[in-house]
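Here's the structure we're looking at; comments come further down.
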Amino acid sequence: MQLNKYFTVLFISFLLPCMVNAQNLVHGKKLFETRCLVCHQADGGGVPNMNAPLDGSSNVVGNNIARLVRIVKEGYSEKIPLDGYYYNNVMTPNPDFKDQDIADVLSYIRNSWSNKASKITLAQVQAAKRKK
Amino acid sequence: MKHLKNFFFLLLLTIATQLQAQNNAGLTLPQGFKASLFADTIGSARHITITQNGVLFAKLMYPNKAGKSIIRLEDVNKDGVADKITGWANYGGTGIYVKGKDLYATSDNDVYLYQLNDKDEVVNPLSPKTIVKGLIAKNQHASKSITLDNQNNIYVNIGAYSNACQEKDRIKGSKGMMPCPILDSAGGIWKFDGSKENQVYGDGKRYATGLRNVVGLDWNKETNSLFVMQHGRDQLNSFYPEYYSDAQSAELPAETMYELHEGDNAGWPYIYFDPYQKKKILSPEYGGDGKKEGGENAVNPAVFFPAHMAPNALLFYTGNQFPAKYKNGAFVAFHGSWNRAPLPQEGYFVAFVPFKNGKPSGEWEIFANGFSGLSGEEKVMNPRKAKSRPCGLAQGPDGSLYVSDDSRGSIFKITYAQ
């Protein structure tokens, strides 16, 4: 009985978040492959002068979460250099993405290839949208 | 023992292949041709042009480490490698074209004219004449390519700042605008006077329309007409999965070469050219379904190539160095695709199309391959992995062909030795 309780606590406090986390990354990967990969490429390297890289990009692993949320949701067409280069192509918006989708796809790209940044939670996406 | 023999044979074969590739600066060429590295890491070399004395000028997309964006390359000791390299200007761009001692170069908004002296050195690096100014450049398809005809008219590509002229660009379900308002000021070729200063849109003429984006263009001196290579539209499958599969989207639409006369319309955004049906097909943004035809008034392509390979340079060969089959034919530099992903990418080579009496006279073929630096049959999966990406073409006074690369910044020189 005591042991059973112990497992329940362990499950809720540690294993469950881990499982949810892994599931989020799987969902994020799927979204990336269907919506982002054509332009940003399988290696996250983008296309020189056309589509911005996600792998190693200072914006992607940076702390301006509100900006990342806005770019995923609303797309991007400004001519602003990223790490010294300009990218000419327009980013397609994803107006149908739910807040959880945005959190999952951002968590995936922030933790793929050479990127190692914090995961994005649903609460962070909602907070970012309120900020706007 | 037999295995060992096989192993050594394979080893020798590999070494021989490698040496062969190194001999030709890593390129694979038809029998009798040779390639050398004329220059390396000069910066993001877009288009190139060569004077009658053999001095080469390259336009860089970004100023290089020394802050220069027009690079002058001269091979003083004539060993096939540029040994005197200088530069000037600080604006990025694609277009460059020399005619006699007049050197034209473009930013994304303007066309400038520099004067060369009898040694083909620039006389006025800091004070060029502004020939055309204030052209539309809205990030997408902003680069300006140029060529001149025999009457000193300059032809400027003004790319459409859109994929398919949707009300909202690249948004699923957004309809195509009718008529497409972009065509008033972009999506075509404009003609200006090559010697008049400070021209704006009103001084020029929309020479041809319905062209999404042209990067490679050349004046054909045999037909006395303009030829261009269009970059075809993207994302048929992302926006219309009900009509196009991943595989179809990777192969549609064709990259097209057009011969253009004044007033011609190539049909963008209302139609695209399907290389399998060999027809002008109505764009899905305008009610098409992948089968309905359209563009009754649009010109047909002179030549069509597989999709998305990004033709960035076109050159009609007028030299005498290459074998007779190349005379007056077209070389096309394919920068290489990116939007075939997740399928392997295509392009990253220079193609050749034979012409006879001003018309294509045979199938296109790959002329120079191996720019990506990958070995054998290996394909480029991700564009950033390609070592070099062909972007510009120029013909030397001795008939040699030069190819520029905006990735590594190399200039390849291709010659023919009987």
Side-chain angles (χ1 to χ4, degrees), chain A residues 28-60 70-98 101 105 108-109 112-115, chain B residues 44 46 60-63 92 94 108 137-143 159 161-164 166 168-174 213 215 231 234-239 241 246 249-250 308 310 312 335-345 380-386 388-389 391 405-408:
Chain A
K29 182 172 195 273
K30 199 179 155 203
L31 290 173
F32 175 82
E33 283 168 354
T34 51
R35 303 296 276 270
C36 318
L37 182 146
V38 170
C39 293
H40 293 292
Q41 304 292 312
D43 68 347
V47 181
N49 305 315
M50 294 286 298
N51 308 324
L54 302 176
D55 181 22
S57 153
S58 62
N59 277 356
V60 169
R70 193 176 65 236
I71 291 174
V72 170
K73 185 96 180 164
E74 299 172 11
Y76 194 75
S77 63
E78 289 160 61
K79 189 163 185 164
I80 293 172
L82 169 63
D83 301 327
Y85 290 95
Y86 288 94
Y87 297 92
N88 290 329
N89 219 348
V90 175
M91 162 132 176
T92 309
N94 298 283
D96 58 326
F97 270 20
K98 294 184 176 64
D101 295 332
V105 80
Y108 173 74
I109 65 169
S112 293
W113 317 296
S114 69
N115 292 345
Chain B
S44 48
R46 297 285 288 175
L60 306 187
M61 182 167 236
Y62 294 95
T94 289
D108 286 353
K138 288 191 182 176
N139 212 6
Q140 192 175 182
H141 307 148
S143 74
Y161 43 93
S162 172
N163 178 39
Q166 291 168 281
K168 287 180 181 164
D169 188 29
R170 297 183 193 255
I171 292 188
K172 193 176 171 177
S174 176
N213 188 33
V215 185
H231 280 216
D234 305 326
Q235 292 171 302
L236 282 167
N237 161 258
S238 315
F239 301 148
D246 255 353
S249 194
H308 308 310
N312 271 10
H335 201 220
S337 71
W338 56 269
N339 47 7
R340 291 173 51 88
L343 301 175
Q345 305 297 347
V380 175
M381 289 305 290
N382 305 295
R384 75 168 167 179
K385 296 278 162 60
S388 291
R389 302 185 73 187
C391 192
D405 139 43
D406 66 349
S407 183
R408 189 180 152 86

Select one option (side chain, backbone, both, neither) describing which atoms of [X] are under 4.5 Å from chain A's heavy atoms.
X	answer
B/D108	side chain
B/M61	side chain
B/R389	side chain
B/N163	neither

Side chain, backbone, both or neither of [X] within contact of chain B (heavy atoms, under 4.5 Å):
X	answer
A/S77	backbone
A/Y85	both
A/D96	neither
A/M91	neither
A/E78	backbone

- Note on the structure: Of the listed B/R384, B/Q235, B/K385, the one with the largest count of heavy-atom pairs under 4.5 Å with chain A is B/R384
Let me confirm one number: the [atom1]-[atom2] distance from [X] to [Y], rounded to the nearest 0.5 Å.
X	Y	atom1	atom2	result
A/T92	B/K172	OG1	NZ	11.5 Å
A/N88	B/K138	CG	NZ	14.5 Å
B/I171	A/N94	CD1	CG	9.5 Å

- Task: Give me the ring orientation class for A/Y86 and B/Y62: parallel if the planes are under 30° apart, tilted from 30 to 60°, perpendicular past 60°.
- Result: parallel
- Query: Donor-acceptor pair, A/Q41 side chain versus B/W338 backbone, under 3.5 Å?
  - Reply: yes
- Is a side-chain N or O of B/R170 found less than 3.5 angstrom from the main chain of A/G75, in a donor-acceptor match? no
- Apply the test side chain to side chain contact (heavy atoms under 4.5 Å, CB included) to residues B/D234 and A/V38: give CA-CA distance (whole Å), side-chain angles for both, the deciding distance (0.1 Å), then the verdict. CA-CA 10 Å; B/D234 305 326; A/V38 170; over 6 Å; no
- Which pair of non-hydrogen atoms, one from A/G46 and one from B/P383, has the smallest distance, and what is that distance? O-CD, 4.2 Å
- Do you know which of A/P53, A/P95, A/G45, A/A42 has the most heavy-atom pairs under 4.5 Å to chain B? A/G45
